[in-house]
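One structure is given below, encoded as structure tokens.
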Amino acid sequence: MAVPSPSRLSSSRRPVNAAEPKYRLRTELRARRRAFVAAGNAAPIPLSDRLAAHINAETIVAGYLPQRFEADCRGLIGACLNRGARIALPHVESMKKPMLFLGWEPCDPLETNALGIEQPPMSAPELAPDIILTPLVGFDDRRNRLGQGGGFYDRAFAAHPNALRIGLAWSVQQVDTIPVDPWDVPLHAVITERGLFEPAEI
Ligand SMILES: Nc1nc2c(c(=O)[nH]1)N(C=O)[C@@H](CNc1ccc(C(=O)N[C@@H](CCC(=O)O)C(=O)O)cc1)CN2
Ligand SMILES: Nc1ncnc2c1ncn2[C@@H]1O[C@H](COP(=O)(O)OP(=O)(O)OP(=O)(O)O)[C@@H](O)[C@H]1O
């Protein structure tokens, strides 16, 4: 089934400029991600011991439900639940409104948003995450991050400055250098199917 284009969410963003370095990199890395999964290389993203040390029954962990060829967060969500953590998932209503993290427990209902991603309904409680598991399009060895370009995670990081920012990606999504804009905040750590990427700040 085709995933609806993000243009179905009303947008006030400036038009995408195909010459912009982030735009070109995104196109290349989405293709890399797709090829990696198509070749049968997808594997669980492990909960590293160093991340596990931050997770207990008091912790609120924001995860995500994967879209197409993204690194799958669901095993990690299960591992966090096993440690007693509370889970939140992103809720996106429009390109203009900030993404919210809403509480979710196994068996709670989900709705599908205009991007084709499952999310908790607005009736779920809003939570302030201690840890934000972030889907990546790309990353570099300084833990700079490239996302989908909507600015949703940039804004979430600004709204939750004390949360641990953990990127999840396939190892092939690493590049030498991610272009950094003034609003970009580096990740504390990246985890791939190979484990915790070093250097990590956790
Ligand atoms: N799984 C997941 N959930 C998420 C995000 C994400 O990146 N991944 N988000 C992060 O901001 C927010 C939703 N924002 C998004 C903004 C743009 C696109 C987007 O452009 N998707 C492309 C597909 C890219 C691909 O081929 O992999 C599309 O729909 O055409 C997706 C999500 C919240 N939830
Ligand atoms: N703290 C912020 N508040 C408001 N807008 C922001 C903030 N941070 C970034 N933006 C806007 O978000 C847009 C997308 O930024 P960028 O191209 O770096 O996307 P990205 O980091 O790949 O996306 P995402 O954060 O969704 O993963 C930019 O136009 C930028 O102006």
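Counting convention: from 1, in listed order, for ligands and their atoms alike.
- Contacts with ligand 2 closer than 4.0 Å are made by heavy atoms of both the backbone and the side chain of Tyr153.
- Evaluated by nearest non-hydrogen atom to atom 12 (C) of ligand 1, the leading choice among Val37, Asp72, Val92 is Val92.
- Counting heavy atoms closer than 4.0 Å to ligand 2, residue Val137 contributes nothing at all.
- If you number the atoms of ligand 2 from 1 as listed, the ones under 4.0 Å from a heavy atom of Gly150 come out as 23 (O), 26 (O).
- Looking at Arg30, Gln67, Arg33, it is Arg33 that brings a heavy atom closest to atom 27 (O) of ligand 1.
- The distance from ligand 2 to the heavy atoms of Asp184 drops below 4.0 Å at these ligand atoms: 18 (O).
- Taking any N or O of Leu65, backbone or side chain, at least one lies under 3.5 Å from an N or O belonging to ligand 1.
- More than 12 heavy atoms of other residues, nucleotides or ligands shown are found within 6.0 angstrom of CZ on Arg155.
- Listed by number with element, the atoms of ligand 1 under 4.0 angstrom from any heavy atom of Leu115 are 13 (C), 14 (N), 15 (C), 32 (C).
- Taking the six-membered ring for Trp and thresholds of 30 and 60 degrees, Phe197 and Phe139 have ring planes more than 60 degrees apart, a perpendicular arrangement.
- The distance from atom OH of Tyr64 to atom CG of Leu76, rounded to the nearest 0.5 Å, is 8.0 Å.
- Ligand-side atoms of ligand 1 in range of Tyr64: 1 (N), range being under 4.0 angstrom from any heavy atom.
- By the 3.5 Å distance cut-off applied to N or O atoms, Glu70 is counted among the residues near ligand 1.
- Around atom 26 (O) of ligand 2, the closest heavy atom drawn from Pro135, Gly147, Gly151 belongs to Gly151.
- Remark: the Gln174 side chain and the Arg32 side chain contain no N/O donor-acceptor pair separated by less than 3.5 Å.
- Taking distance alone, with nitrogen or oxygen atoms compared against 3.5 Å, Leu146 stays at or beyond that limit from ligand 2.
- Looking at Lys22 next to ligand 2, an N or O pair under 3.5 Å apart turns up.
- If you take CD on Gln119 and CE on Met99, they are separated by 11.0 Å, rounding to the nearest 0.5 Å.
- Residue contacts with ligand 2, taken as heavy atom pairs separated by less than 4.0 Å, involve Arg145 solely via side-chain atoms from C-beta onward.
- Counting the atoms of ligand 1 from 1 in the order shown, those under 4.0 Å from a heavy atom of Pro135 are 6 (C), 7 (O), 8 (N).
- With a 4.5 Å cut-off on side-chain heavy atoms, Ile45 and Trp170 count as touching.
- Close approach of ligand 2 to Ala158 is summarised as follows: ligand atoms under 4.0 Å from at least one heavy atom of the residue are 1 (N).
- The shortest N/O to N/O separation between Trp183 and ligand 2 falls below 3.5 Å.
- Close approach of ligand 1 to Pro90 is summarised as follows: ligand atoms under 4.0 Å from at least one heavy atom of the residue are 33 (C), 34 (N).
- Heavy-atom contacts of Met99 reach the following atoms of ligand 1: 33 (C) (cutoff under 4.0 Å).
- We find that Arg50 and Glu198 are joined by a salt bridge, their nearest charged nitrogen and carboxylate oxygen being less than 4.0 Å apart.
- If you take NE2 on His54 and CG on Asp130, they are separated by 11.5 Å, rounding to the nearest 0.5 Å.
- Separation of atoms CZ (Arg143) and CD1 (Ile166) is listed at 9.5 Å; rounding is to 0.5 Å.
- Considering backbone and side-chain atoms alike, Tyr153 places every N or O at 3.5 Å or more from each N or O of ligand 1.
- Ligand 1 places these atoms under 4.0 Å from at least one heavy atom of Ile117: 2 (C), 3 (N), 4 (C), 32 (C).
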